[in-house]
Amino acid sequence: MKMYRVKDYNAMSRKAANIIAAQIILKPDSVLGLATGGSPVGTYEYLVQWYKDGDLDFSQVKTVNLDEYKGLSKDNDQSYFYFMDQHLFSKVNIDIKNTHIPDGTIEDSDEACKRYNSIIEGFGGADLQLLGIGHNGHIGFNEPDEMFIKETHCAALTDSTIEANARLFENPDDVPRYAYTMGIQNIMQAKTIVLIASGKDKAKAIKDAFTGPVTPAVPASILQLHPNVIVIGDEDVFSLYE
Ligand code: GLP
């Protein structure tokens with residue numbers, strides 16, 4: 001595992017974008033596992049800039065996103081489809097047919113998850129998976145649990161996650177209670193995993209995930225067992241890390 005302690009959010013974003021850019025340059029048809037949330041916004045900004053500068057070509061890149069809220073359609077501005085379009089897909093030369101996000105509008109959870117799982121299986125996992133981390137140590141929407149769930153599944157969001165994500169919704173009651181998410185095995189199949197985190201509010205999650213026991217109570221702790229994980233965090237997020 002490589003840990004990079006950088007100054008701030010901008011430095012974190014730049015370093016993550018550099019690693020993703022190198023991946024695309026070295027393997028133009030890479031399968032990128034992508035994340036949403038506040039953490040990757042800056043990373044996507046750098047990638048868009050470098051595309052505009054002519055340094056990056058997304059024409060052969062394929063993507064699989066971690067998760068999507070159940071019940072939100074693509075045109076809902078809180079859907080992760082909308083987020084990805086706004087922050088990356090509409091701004092680079094990616095072929096939208098090569099982008100994959102669970103379909104939140106499929107009512108039948110088993111069907112939605114089966115469909116998405118087979119897409120990930122078809123790729124044999126991502127070449128590089130970008131991850132954020134939740135305050136409770138969740139990755140994707142793999143919430144703390146008594147066991148790790150391997151495959152794509154419908155997760156019931158915890159109160160902590162609903163509360164954290166409510167900031168993005170007009171009304172906290174609008175936060176969906178369920179989401180379709182890649183499972184732990186889907187994530188662990190990636191050849192390289194890049195986890196980004198910033199801010200004092202995530203310091204405990206980072207400490208628990210990378211210095212504590214590997215336990216489904218802290219889903220990100222499973223990453224300790226992955227052979228190629230890169231953690232990029234700012235000074236605040238590493239403030240409890242020894
Ligand atoms: C959400 C997403 C995660 C993300 C996490 C942290 O719950 N499902 O993939 O990593 O929140 O988000 P943020 O980066 O906004 O703190």
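Counting starts at 1 for both ligands and their atoms, following the listed order.
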Test item: side-chain donor near acceptor, [X] and [Y], under 3.5 Å:
X	Y	result
Tyr116	Asn186	no
Lys70	Ser109	yes
His138	Thr161	yes

Practice task
Tell me, please, whether Tyr4 has Lys15 positioned over its six-membered ring: NZ or CZ under 6.0 Å from the ring centre and within 45 degrees of its axis?
Solution key: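 Judged by the rule, Lys15 and Tyr4 form a cation-pi pair.
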
Contact table, ligand 1 N/O with protein N/O, distance under 3.5 Å:
| residue | atom | partner | partner atom | Å |
| --- | --- | --- | --- | --- |
| ligand 1 | 7 (O) | His138 | NE2 | 2.9 |
| ligand 1 | 7 (O) | Asn165 | ND2 | 3.3 |
| ligand 1 | 8 (N) | Asp67 | OD2 | 2.8 |
| ligand 1 | 8 (N) | Gly140 | O | 3.1 |
| ligand 1 | 10 (O) | Ile133 | N | 3.4 |
| ligand 1 | 14 (O) | Gly38 | N | 3.3 |
| ligand 1 | 14 (O) | Ser39 | N | 2.9 |
| ligand 1 | 14 (O) | Ser39 | OG | 2.5 |
| ligand 1 | 15 (O) | Gly38 | N | 2.7 |
| ligand 1 | 15 (O) | Arg167 | NH2 | 2.9 |
| ligand 1 | 16 (O) | Lys202 | NZ | 2.7 |

Problem - Check: Ala190 main-chain N/O paired with His226 side-chain donor or acceptor under 3.5 Å - result: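 Indeed, once roles are kept as given, a pair shorter than 3.5 Å links the two residues.
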
Exercise for the section: Please write out which residues are connected to Ile149 in a hydrophobic cluster, directly or through intermediates, given that two of Ile, Leu, Val, Met, Phe, Trp, Tyr count as joined at side-chain heavy-atom separations below 4.5 angstrom. Expected result: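 Reading the cluster by chain and number, Ile149 sits alone, since nothing else belongs.
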
